[in-house]
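Let me begin by presenting the structure, written as structure tokens, before commenting on it.
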Amino acid sequence: MSEHESQLESQIIESQIDSEEVAESAEVVDSEKLFIPPSVTCENASFTASYTYHHPLPASLQESPSAPCILGVDEAGRGPVLGPMVYGVAFCTEEYTDKISGHGFMDSKVLSAEVRSELLSQMCDPTHELYREISWSTRIMTPRDISTCMLRSKPSQIINLNAQAHDATINLIREVMERGVNVTQIFVDTVGPPETYQKKLQHLFPQATVTVSKKADSIYPIVSAASVAAKVTRDAALSTVPGGGEHIWGSGYPSDPRTVAWLKSNFDPVFGWNDVVRFSWGTAKTMMDKNCVDVEWPEQEETGNMNIMGMFGMKDEGITTAWYGKAVTAMEF
């Protein structure tokens, strides 16, 4: 995929955000009522490097390790120009399947941020039934890593967002199975054509029956549980960014005037923005193309010396590179 195609993909993603997602993004998340899950406070948590969090296995599985289980997959934050994209999985025994919806798991877009927060807090509360019966994992994909994969200089090395999403899903499922969970049914909210994606996952996980569909979180409660884990994790991660917050930068979607205003007012003509922004998004790239200073990246001289002033298209005006030293060869050791 070329850089042009990668940019076109990000623009398509931004323009294809459905009305339900836009409505959800307009919801104001009260940070004081937001549950901060262990997926954000764990030891390997980072806002620059992507990482995975696995919640402890539920007591029901510890007591019956070979019990057949169902697993759901969903994501949060695919369309925003700000913040991470989070993939979540949730799983429980087949025996518990019919009881999940009784706790209020349904189409996550219908649930308020406060309700989603409460549900995940119950899944993390050792005294609650949900902690005993359901476990979950998340993969937090940072803006830096998303953009790095989409903006690689060699077209053959570019990894588009769909491919990144597929890799996150596959790795989460695989890691749950490696923990000894007997997954027999997998339900996934689709990324791309459902038929093609289902065939791919079924080939990779022949021991389970795979179902991929649109709006899976409104059909399968276990997918809704995965969606809750993903959405609360993303909201909590954004709330912990110093100097940030939804009251400052809005929902993070390119269509939000508050987000666009924040991008404009926090723009640096050399470095762009901090690590909260996805530089590969069309909104960000257009702004950088119009407002960034031009930087030239000259080829390194055969001697191994480079004039640092040349990187900014400036004349050295008598400044010698000898001050910076010279390239050291193995013969000098």
Side-chain angles (χ1 to χ4, degrees), residues 35-45 51-76 86-106 108 111 115-140 167-189 198 201-202 204-213 216-217 219-233 236:
F35 172 62
I36 306 297
S39 50
V40 172
T41 60
C42 60
E43 187 175 304
N44 62 332
Y51 67 95
T52 300
Y53 169 79
H54 293 293
H55 203 61
L57 293 178
S60 57
L61 275 182
Q62 294 180 36
E63 295 166 2
S64 304
S66 61
C69 294
I70 62 171
L71 179 146
V73 184
D74 202 2
E75 55 79 23
V86 180
Y87 261 82
V89 299
F91 55 94
C92 68
T93 62
E94 288 185 354
E95 184 180 3
Y96 196 72
T97 302
D98 294 336
K99 299 179 181 179
I100 303 174
S101 58
H103 292 277
F105 289 104
M106 59 184 72
S108 61
L111 301 176
V115 171
R116 290 196 300 266
S117 222
E118 177 62 21
L119 285 171
L120 189 59
S121 69
Q122 292 172 358
M123 292 167 67
C124 297
D125 180 358
T127 67
H128 200 279
E129 178 184 330
L130 288 175
Y131 181 88
R132 173 182 170 78
E133 299 292 345
I134 300 177
S135 188
W136 55 282
S137 301
T138 52
R139 175 66 178 173
I140 292 81
D167 289 345
T169 295
I170 291 166
N171 288 333
L172 280 172
I173 296 173
R174 185 172 286 143
E175 288 168 12
V176 168
M177 290 181 170
E178 289 174 350
R179 297 174 72 190
V181 179
N182 179 23
V183 179
T184 55
Q185 297 183 65
I186 300 171
F187 302 95
V188 184
D189 195 56
Q198 180 171 309
L201 292 176
Q202 189 64 76
L204 291 170
F205 304 107
Q207 67 272 52
T209 300
V210 178
T211 301
V212 177
S213 68
D217 65 340
I219 303 172
Y220 308 104
I222 194 64
V223 178
S224 178
S227 179
V228 164
K231 291 182 186 302
V232 174
T233 294

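Just the heavy atoms: all of them, side chains too, but no hydrogens, waters or symmetry mates, feed the values below.
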I'd like to know whether Val176 forms a side chain to side chain contact (heavy atoms under 4.5 Å, CB included) with Val183, so could you lay out the CA-CA distance, the side-chain angles of the two residues, the decisive distance to 0.1 Å, and finally the verdict. CA-CA 8 Å; Val176 168; Val183 179; 4.2 Å; yes

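- Contact record, Ile134 with Pro58: N-CB, 3.9 Å, taken as the closest heavy-atom pair.
- Using cut-offs of 30° and 60° for the angle between ring planes, the His55 and Tyr131 rings count as perpendicular.
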Applying side chain to side chain contact (heavy atoms under 4.5 Å, CB included), run through Cys124 and Trp136 and close with a yes or a no. CA-CA 10 Å; Cys124 297; Trp136 55 282; 3.5 Å; yes

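- Atom OG of Ser135 and atom CG of Leu61 lie 8.0 Å apart (nearest 0.5 Å).
- Note that CE of Met123 is 12.0 Å distant from CG of Asp125, once rounded to the nearest 0.5 Å.
- A side-chain N or O of Thr184 and one of Glu94 form a donor-acceptor pair less than 3.5 Å apart.
- A distance of 5.0 Å separates CG of Leu204 from CD1 of Ile170, quoted to the nearest 0.5 Å.
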Would Glu133 and Lys99 satisfy side chain to side chain contact (heavy atoms under 4.5 Å, CB included), going step by step from the backbone distance to the final call? CA-CA 10 Å; Glu133 299 292 345; Lys99 299 179 181 179; over 6 Å; no

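- Using a 4.5 Å cut-off on side-chain heavy atoms (C-beta onward), Phe91 and Arg179 make contact.
- The CD atom of Gln198 sits 10.5 Å away from atom CD1 of Ile186, with the distance rounded to the nearest 0.5 Å.
- Checking side-chain atoms of Asp189 against main-chain N and O of Ala216 turns up a donor-acceptor pair under 3.5 Å.
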Would you check, one step at a time, whether the test side chain to side chain contact (heavy atoms under 4.5 Å, CB included) holds for Phe35 with Gln122? CA-CA 10 Å; Phe35 172 62; Gln122 292 172 358; over 6 Å; no

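- Contact record, Glu75 with Ala230: C-CB, 4.1 Å, taken as the closest heavy-atom pair.
- If you take OH on Tyr53 and CZ on Arg139, they are separated by 15.5 Å, rounding to the nearest 0.5 Å.
- With 3.5 Å as the limit, one finds no donor-acceptor pair spanning the side chains of Ser60 and Arg132.
- Proximity of Val188 to Leu201: side-chain heavy atoms (C-beta onward) are separated by under 4.5 Å at one or more points.
- Remark: the His54 side chain and the Glu175 side chain contain an N/O donor-acceptor pair separated by less than 3.5 Å.
- Leu111 and Arg116 make their closest contact through O-NH1, 2.8 Å (heavy atoms, listed as atom of the first residue, atom of the second, distance).
- For the atom pair Ser39 OG and Ile140 CD1, the distance stands at 5.5 Å (nearest 0.5 Å).
- Across all non-hydrogen atoms, the minimal contact from Thr233 to Ala229 is OG1-O, 2.7 Å.
- Listed here is the closest heavy atom pair of Tyr87 and Leu172: O-CD1, 3.7 Å.
- Counting non-hydrogen atoms of neighbouring residues, nucleotides and ligands closer than 6.0 angstrom, the CD atom of Glu43 reaches no more than 12 such neighbours.
- Nearest heavy atom pair, residue Leu130 against residue Leu119, reads CD1-O, 4.3 Å.
- With hydrogens and angles ignored, the 3.5 Å screen pairs no side-chain donor or acceptor of Thr211 with any backbone N or O of Phe187.
- Shown here is Gln62, whose CD atom has more than 12 heavy atoms of other residues, nucleotides or ligands within 6.0 Å.
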